[in-house]
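A quick write-up on the structure given underneath.
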Amino acid sequence: MSLRRWDKKHIISIHDFSRDEIDFVLEKSRLMEDRLASNKPMNLMDGKILANLFFEPSTRTRMSFETAMKRLGGKTIGFNVAESTSEVKGETIADTVRVVEGYADVIVLRHHVEGAARLASENIDVPMINGGDGANQHPTQTLLDLYTIQKEYGKIDDLSIAIIGDLKYGRTVHSLANALEYYGVKLTFISPRELRMPKRVVDGLRDKGIDVRETTKLRLGKADVVYATRIQRERFPDPQEYKRVKEAYVLDSNILGKLKDDAIIMHPLPRVSEIAPEIDDTRHARYFEQSNNGVPVRMALLCMVLGVDF
Ligand code: CP
């Protein structure tokens with residue numbers, strides 16, 4: 001397989017990738033991580049510019065793309081506060097990205113509207129990467145999640161994965177569940193009834209033969225991977241409903257004796273109260289490593305969409 005198929009292509013949804021392509025990205029990310037560890041400067045993106053257009057808050061996605069581009073020898077421009085842009089004067093997202101394609105070689109877009117990245121990508125020639133669109137998709141997060149799991153276990157197939165929390169509004173879990181259709185995993189979705197995984201996602205997994213269980217109970221004894229998520233306050237139409245469920249599941253020292261010895265705990269971050277700080281120094285915690293893995297994975301993806309082989 002070659003990276004060439006991705007030259008100048010947009011990355012909007014994890015469904016844009018076949019299983020072989022995901023596996024290839026994970027392999028290339030590993031190479032990139034090795035190159036990073038060698039501490040040799042890279043100039044693969046010499047003269048290239050990445051535009052980070054963040055209409056919604058972000059720490060990890062925005063900064064890891066910025067780090068990725070700079071580590072590759074490129075430069076970045078962009079914004080992280082929508083109120084500082086001409087959107088407040090009524091400019092459409094379609095116009096904004098058409099303007100920015102004149103300034104940059106690749107665009108990363110985060111927006112609160114589902115489908116914004118797909119729509120905005122339709123009229124531009126430079127590659128666009130979806131950095132999260134509402135409750136819909138976050139494909140680069142999924143690739144770094146899969147990379148983290150594979151780094152730990154050397155595989156993704158056959159693992160038992162529990163995904164906990166806000167499965168209704170969480171874009172990271174929608175993308176991740178979509179990707180796991182390709183792997184022979186056992187999935188347990190743990191959420192309050194109001195925040196269940198959308199039926200279309202569950203049906204899609206079952207159609208592919210994936211063993212899926214849905215429950216409200218925090219039973220983690222069989223899980224190899226415990227993937228916790230934040231309850232997405234900003235997406236709740238009713239603040240009272242948020243209050244009711246915001247602390248539905250908390251991973252703290254009480255769960256430690258109930259996990260498999262080698263189970264790992266992941267979280268896309270930011271966390272609020274769903275993982276207590278006392279978990280951070282246990283052998284199970286992987287969420288900070290997971291976040292760090294965003295850099296080599298995004299470096300590999302930038303090379304793919306800009307046609308740079310490595
Ligand atoms: N995981 C993630 O998308 O984090 P940010 O919102 O900080 O980018």
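Just follow the structure's listing: the first ligand is 1, and inside any ligand the first atom is 1. Note that the coordinates shown come from a computational prediction; the quantities given were computed from them, not determined experimentally.
- Under the rule for a side-chain contact (heavy atoms from CB on, under 4.5 Å), the partners of D158 that lie at least two apart in sequence or sit in another chain are K155.
- Looking at atom 6 (O) of ligand 1, its nearest protein heavy atom turns out to be R110 NH1, 2.8 Å.
- Enclosure of atom CZ in R71 is not indicated, since only 12 or fewer non-hydrogen atoms of other residues, nucleotides or ligands lie within 6.0 angstrom.
- Closest to atom 4 (O) of ligand 1 among all protein heavy atoms lies R60 NE, 3.0 Å.
- Of all atoms in ligand 1, listed by their number and element, those nearer than 4.0 Å to a heavy atom of P268 are 1 (N).
- The minimum heavy-atom distance linking E214 with V202 is given by the pair OE2-CG2, 3.9 Å.
- Side chains of K89 and S86: a donor-acceptor N/O pair is present below 3.5 angstrom, by distance only.
- With a heavy-atom cut-off of 4.0 Å, L269 touches ligand 1 through its backbone alone.
- M63 does not count as a contact of ligand 1, since none of its heavy atoms falls under 4.0 Å from the ligand.
- Side chain to side chain, Q137 and D133 fail the donor-acceptor criterion of an N or O pair below 3.5 Å.
- For ligand 1, the polar-atom distance check against R62 finds no nitrogen or oxygen pair separated by under 3.5 Å.
- Heavy-atom proximity to T59, at under 4.0 Å, picks out these atoms of ligand 1: 5 (P), 7 (O), 8 (O).
- Listed by number with element, the atoms of ligand 1 under 4.0 Å from a non-hydrogen atom of Q141 are 1 (N), 2 (C), 3 (O).
- In this structure, R219 contributes its side chain and T216 its backbone to no donor-acceptor pair below 3.5 Å.
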